[in-house]
Amino acid sequence: MAYEALDFFDVDKMLTEEELMLRDMVRDWVDEKVIPNIEKAYNEAYFPEEWIRDLGEMGVLGMVVPEEYGCAGMSYTAYGVVCRELERGDSGLRSFCSVQGSLSMHPIHKFGTEEQKHKYLPGMATGEIIGCFGLTEPDYGSNPGGMITKAEKVDGGYILNGAKMWITNGTVADIAIVWAKLDGEIRGFIVDKDDEGFSAPEQKGKHSLRASVTSELVLQDVFVPDDRYLPGAKGLGGPFSCLNRARYGIAWGSIGSAQACFDAAKKYSLERIQFDHPIAAYQLIQMKLATMLREITKGQLLAYHLGRRVDEDDWFPEMISLAKMNNVDIALDIARVARDIHGANGVTDEYPIMRHMNNLESVKTYEGTHDIHNLILARHITGIQSFTRKL
Ligand code: TGC
Ligand code: FAD
């Protein structure tokens, strides 16, 4: 049965004509190309290559980067809408788009030289050049400031040593934005997949985001020439500038997962007969559906308002923390309740529910865990940071 996107408060009526056209194009593509193939990709744990070309053709990779670099130069609200429609298909698909646009193209656009921008951005917009973002390390996840990956200045460039972990697209990427400490300060480098001493083995065995490649990055005496150093990024503010944008995309994207779960649960509950009636006739099921609708509606308003604030450049990072944390949290709750409404069928790949639920467990953790965003908000409220404790 065709997908019906829940929009109880008609939030999409506030979108521009251009944003609506984009929504419909991506929604149709997800229906046509993603939904029929996603369960196979998820079960067999791969990201279909042809999707990359299609994403490039639709102009959604790095779509907020200006047109002079071969990108679409669209609004952040439009980017949010795209994330929502992609994640309705699968979180791994939105992840691909987030990593390419917010985490790989944004740092080049914001911190790179003109030469670097012209060299990489047009090919990244079409998907011919794939990027990844290496911040997390085996011993430094929530606390990236402690990273031990090191850069050393040498004649004509830098030597990088260290290891990154949990890096989306690492194995398939042509370039990696690697964050490393140079004289104790975090700096950004563009590592090429063919650089000697660099490898990106895939991390297998995920029960979540299976249609997304996750990798280690190993750097052993990797020489990165001066022209692949990002001069504009100094300190943690560099990677965090990228994370703000990717977290923003998740605030929208997670609503897409929630809408998919709601749609499936509504249809299933109207069709499934128990005790001679559709289960949708029972008050407990009705309450669950009403709660889903309530939370999705609030999340949609939050994402839309945030989108316009970002477009007006009138925002601060804690707004994004709140929206990422809230919308992933409600999406995960909704996925769990939708799974419950589907009974035993809910654990199979006949329905999208368990896949969304499992994906959202990663989404809750990456880009700052749920609790880290709570602590970021609490620091904003109290002025006291509680990340570190002296024991
Ligand atoms: P803290 O003292 O808070 O800040 C250090 C410097 O960074 C600046 N800063 C920010 N700048 C811009 N935007 C933000 N959101 C910023 N947050 C902090 C800050 O102003 C300061 O600048 P300066 O100039 O004064 O030095 O740093 P801290 O070490 O105490 O950090 C605390 C904490 C917990 C908030 C932070 O480390 C954190 O957010 N941790 C979570 C780590 C995280 O999100 N990792 C994500 C890895 S990438 C990923 O998951 C990709 S998933 C991809 C996919 O979609 O598949
Ligand atoms: P930890 O930091 O060890 O946290 C473990 C638990 O402790 C969490 O519950 C956390 O909330 C809690 N905790 C930590 N510190 C505190 C504190 N001070 N107070 C209270 N509680 C605390 N990273 C990248 O750089 N690039 C990528 O492309 C990328 N892609 C990813 C893809 C997937 C599928 C996954 C799962 C992760 C990815 N990550 C990526 C890594 C992700 O950002 C980290 O997993 C995340 O930041 C959390 O780090 P950690 O897993 O080391 O958990």
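Note: hydrogens, waters and symmetry copies are ignored here, and every other heavy atom, side chains too, is used. Order of appearance sets the numbers: ligands from 1, and atoms from 1 within every ligand.
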Heavy-atom distance to atom 51 (O) of ligand 2: which of Val213, Thr365, Thr369 wins?
Thr365
Nearest candidate to atom 26 (N) of ligand 2, where distance is taken over non-hydrogen atoms, out of Tyr366, Tyr140, Phe133:
Phe133
Mind checking what makes ring pair (Phe, Tyr, Trp, His ring centres under 6.0 Å) contact with Tyr351, not counting sequence neighbours?
Tyr268, His342
Got a salt bridge between [X] and [Y], using NZ or NE/NH1/NH2 to carboxylate O under 4.0 Å?
{"X": "Lys288", "Y": "Asp340", "value": "yes"}
{"X": "Arg23", "Y": "Asp12", "value": "yes"}
{"X": "Arg355", "Y": "Glu39", "value": "yes"}
{"X": "Glu295", "Y": "Lys298", "value": "yes"}
{"X": "Asp263", "Y": "Arg88", "value": "no"}
{"X": "Glu50", "Y": "Arg53", "value": "no"}

Show me which atoms of ligand 2 lie under 4.0 Å from any heavy atom of [X].
{"X": "Gly141", "value": "2 (O), 47 (O), 49 (O), 50 (P), 52 (O)"}
{"X": "Leu375", "value": "17 (C), 19 (N), 20 (C)"}
{"X": "Leu209", "value": "34 (C)"}
{"X": "Phe387", "value": "18 (N)"}
{"X": "Leu135", "value": "25 (O)"}
{"X": "Thr136", "value": "23 (N), 24 (C), 25 (O), 40 (C), 41 (C), 42 (C), 43 (O)"}
{"X": "Glu367", "value": "43 (O)"}
{"X": "Asp371", "value": "11 (O)"}

Please check if any side-chain donor atom of [X] sits under 3.5 Å from a side-chain acceptor atom of [Y], or the reverse.
{"X": "Glu19", "Y": "Thr77", "value": "no"}
{"X": "Tyr366", "Y": "Thr168", "value": "no"}
{"X": "Tyr69", "Y": "Glu114", "value": "yes"}

Is [atom] less than 4.0 angstrom from some protein heavy atom?
{"atom": "atom 5 (C) of ligand 2", "result": "no"}
{"atom": "atom 29 (C) of ligand 2", "result": "yes"}
{"atom": "atom 9 (O) of ligand 2", "result": "no"}

shortest atom 27 (C) of ligand 2-to-protein heavy-atom contact is with Trp166 O, 3.2 Å
Report yes if [X] has an N/O atom closer than 3.5 Å to an N/O atom of ligand 2; otherwise report no.
{"X": "Ser386", "value": "no"}
{"X": "Thr168", "value": "yes"}
{"X": "Thr214", "value": "no"}

Who passes side-chain hydrogen bond (donor to acceptor under 3.5 Å, both in side chains) against Arg210, sequence neighbours left out?
none
Could I get the full list of side-chain hydrogen bond (donor to acceptor under 3.5 Å, both in side chains) partners for Thr388, not counting sequence neighbours?
Gln385
Side chain His380, main chain Met319, donor-acceptor under 3.5 Å
no
Contact residues of ligand 1 (heavy atom under 4.0 Å), by chain and number:
Arg94, Ser95, Val99, Leu103, Phe133, Leu135, Thr136, Gly141, Ser142, Pro144, Thr168, Leu236, Gly237, Phe240, Leu243, Asn244, Arg247, Pro317, Tyr366, Glu367, Gly368, Ile372, Ile376, Arg379, Phe387
Could you tell me if Arg27 sits above the aromatic ring of Tyr3, with its cationic atom closer than 6.0 Å to the ring centre and no more than 45 degrees from the axis?
no
